[in-house]
Amino acid sequence: NITTRLGEIFKSLKKKGKLSKKDVEKGLKDIRLALLEADVNYKVVKEFIERLKKNATGERVLNSFTPGETLLKVVFEELTNFLSPKEKIEIKTDGKPGIVMLIGLQGSGKTTTAVKIAHFLRKKGKESLLVPCDLKRPAAVEQLMIMAEMDKLPFYKIREKTIAKIGLNAVSFARKEGLSPVILDTAGRLHIDDTMIDELINLKKLLNPKEILLVLDSMTGQDAVNIGLEFQKKVDFNGIVLTKMDGDARGGAAFSLRYVTSRPIKLIGTGEKPDDLELFHAERMTSRILG
Amino acid sequence: GIFRTKSFNESIPVFEEILLSSDVGITATNEIIKRLRESRIDYKTEEDTIHFISKILTNILDAVEEKKRETSPPYTILSVGVNGTGKTTTLVKLANHFKNKGENVLLVASDTYRPAGVEQLSIWGKMIGVDVLKSQKGQDPAAVAFDAIESAFSKNYSVVLIDTAGRLHTKKNLMEELKKVKNVLNKKRRDLPHDIFLVLDATTGQNALSQAEIFKDSLDVTGVILTKIDGTAKGGIIFAISLEVGIPVRYIGTGENVEDLIEFDPKIFVASLFE
Ligand SMILES: Nc1nc2c(ncn2[C@@H]2O[C@H](COP(=O)(O)OP(=O)(O)OP(=O)(O)O)[C@@H](O)[C@H]2O)c(=O)[nH]1
Ligand SMILES: Nc1nc2c(ncn2[C@@H]2O[C@H](COP(=O)(O)OP(=O)(O)OP(=O)(O)O)[C@@H](O)[C@H]2O)c(=O)[nH]1
Ligand SMILES: [Mg+2]
Ligand SMILES: [Mg+2]
């Protein structure tokens, strides 16, 4: 349990007054365990602790009157620094129409997130078009249609039999109706399924979406690094959405993903309703990961 | 070989890395390493080490195995778990599996919450030729479960598979809703449901352990089904679940098609960790 573990690290460091390098190493060892328990990737933890060692065994910590507190502050700042996006968070919707594409593994929350994004953009005065691009999963189109209806969001009624035709016709429909952006909900797929990855690559080439979001379940474990790197290498994306953050998963996968892909985490899903979407907040994520 | 080292002590950190990167988690990994050290076996080759490590891992899984007990029809399974893990798809695979064994199967769509949830199950039912009991929109899932058993009695279904809406284990009112479904089945007949399967996604990290603990506390889950093992995740969390919660794994989901379900085999699972 991270809260008790960090509490233990803190207590034992506090008792020490001035810290020796050895004390700091022990503190870092405990922080390593805390990060692993939070699902941060094994290799990412290794590298991160190495970086921390440089800052943590410097003047700031060793000469502090409250070195335990200062060490934890250094860890908190380093982690937050990594998680923070380098620019203001926004969904690129420019274009006639703009195009947003949601990708990710099976069950991560893409369809629900598509509706949330349309809802979010409407609050900002943008009327988007929700487009179902999952012809594989039974009732996937109905699922998106029903959710769009319930929230009175524009939905593209498909007659086409291929994803490519749906995409092209939906874009010209949106242009005609003055709707922007087009939000493409794609089928869940494995990062190692070449046929399905090719489908994404082709759709991307055809429609040139300015915003491609990787939708990742916040309870993802060590595999987050594989998932992120493969999707980045084969398709590429410019932002991440972390879903199911209303649960109690610590979300270390978010840190791993950001660390290895350098892509910003833009949004978090906090429930099953259309308005359960929030902008990503780095400090809150750090406290969550560290407990 | 994997270890590329000669000495036993040198192989320990390599082995630790394999376990941690497979989502086994710190606590279970430490327990496994402890058992390895206590074994005091003289490892001469890498084969020896892997062979003995595999034995330790398999023993952990075997320790929670249960003999299949006799059940009177209808054999009733309740499928539960957090959102998106593959409950609905897995239930369809089970339905197909039992149908192929000659059973008279009823699928019950008691996810009345998810948009097109009932539709998803009924489309699958048509595809595999299995009857689906459809619920009304917003109908109480406990009421649907009750109707399902009544229907099973009157129409002689021998297997009843009940799907439920995904829910986070942290949502108390939703966990209460599931308890109510279980109680209604109990009241209908004391032995029902025969199995409550917690469907876990193999890509989930340590949170799967909390899910297992809370679902077990709340419903006394009888088995785990681990899905999406066809990805690159190893599903090592099941060692922690075996050690700390004591629920056996019964099936593994290996894809999105109806035949992508295998009965859990500890030896094969352990071997896959070293691939
Ligand atoms: N609690 C919670 N549930 C969520 C969240 N986002 C999605 N869900 C639920 O997760 C489940 C899966 O969501 P979907 O939107 O169908 O996921 P998907 O990625 O489109 O799934 P596939 O199309 O099958 O790959 C549903 O039960 C959703 O209601 C979230 O932020 N919080
Ligand atoms: N690759 C792979 N995908 C799977 C597997 N099992 C299920 N899926 C996919 O995971 C997604 C979610 O499956 P569902 O059966 O809808 O999951 P669920 O738990 O019923 O979801 P909710 O009812 O929303 O909680 C779908 O896209 C399935 O095709 C599996 O073993 N492997
Ligand atoms: Mg979907
Ligand atoms: Mg379902």
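Since the model is a prediction, treat every value here as computed from it, not as a measurement.
Between the side chain of A:Asn41 and the main chain of A:Lys43, a donor-acceptor pair closer than 3.5 Å is present. At distances below 3.5 Å, not a single donor-acceptor pair connects side-chain atoms of B:Lys228 with backbone N or O atoms of B:Thr203. The backbone N or O of B:Asp23 sits less than 3.5 Å from a side-chain atom of B:Gln206, completing a donor-acceptor pair.
Of residues 131-141 of chain B, no residue lies under 4.5 Å from chain A by any heavy-atom pair. The stretch residues 229-239 of chain B places B:Asp230, B:Gly231, B:Thr232, B:Ala233 near chain A, each with some heavy atom under 4.5 Å from a heavy atom of that chain.
By the ring pair (Phe, Tyr, Trp, His ring centres under 6.0 Å) test, B:Phe264 pairs with B:Phe269, sequence neighbours left out. Under the rule for a ring pair (Phe, Tyr, Trp, His ring centres under 6.0 Å), the partners of A:Tyr259 that lie at least two apart in sequence or sit in another chain are A:Phe82, A:Phe255.
Electrostatic pairing of B:Arg35 and B:Glu31 counts as a salt bridge here, judged by a charged N lying under 4.0 Å from a carboxylate O. A salt bridge between B:Lys180 and B:Glu177 is absent, with no side-chain N of the basic residue lying under 4.0 Å from a carboxylate O of the acidic one. Using a cut-off of 4.0 Å between Lys/Arg side-chain N and Asp/Glu carboxylate O, A:Lys110 and A:Asp185 are scored as not salt-bridged. Under 4.0 Å is where a charged nitrogen must lie from a carboxylate oxygen, and between B:Asp111 and B:Lys87 no such pair does. Remark: B:Glu213 does not engage B:Lys216 in a salt bridge, criterion side-chain N to carboxylate O under 4.0 Å. A salt bridge is absent between A:Lys273 and A:Asp151; no separation between the charged side-chain nitrogens and carboxylate oxygens falls under 4.0 Å.
Chosen from A:Pro138, A:Gly107, A:Ala139, the residue pairing most often with chain B at heavy-atom distances under 4.5 Å is A:Pro138. Per-residue counts of heavy-atom pairs under 4.5 Å with chain B were compared for A:Asp39, A:Val141, A:Val225, A:Ile146; the largest is that of A:Asp39. Among B:Ile123, B:Thr204, B:Leu209, the residue with the largest count of heavy-atom pairs under 4.5 Å with chain A is B:Thr204. The choice from A:Lys244, A:Gln106, A:Glu142 that makes the most heavy-atom pairs within less than 4.5 Å of chain B is A:Gln106.
Proximity to chain B is absent for every atom of A:Leu144, based on heavy atoms less than 4.5 angstrom apart. Contact annotation for A:Met145: neither backbone nor side-chain heavy atoms come within less than 4.5 Å of a heavy atom of chain B. For chain B, the nearby part of A:Asn226 is the side chain; its heavy atoms alone come within less than 4.5 Å. Looking at A:Arg189, there are no atoms closer than 4.5 Å to chain B (heavy atoms on both sides), in backbone or side chain. At a 4.5 Å heavy-atom cutoff, the contact between B:Gln211 and chain A is made by side-chain atoms alone. With a 4.5 angstrom heavy-atom cutoff, A:Asp193 does not touch chain B via any of its atoms.
The distance from atom CD1 of B:Ile18 to atom OG1 of B:Thr29, rounded to the nearest 0.5 Å, is 11.0 Å.
Minimum heavy-atom separation, B:Lys93 to B:Gly253: NZ-CA, 3.9 Å.
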Between B:Leu168 and B:Leu174, does the side chain to side chain contact (heavy atoms under 4.5 Å, CB included) criterion hold? Intermediate values first, please. CA-CA 8 Å; B:Leu168 294 180; B:Leu174 297 182; over 6 Å; no

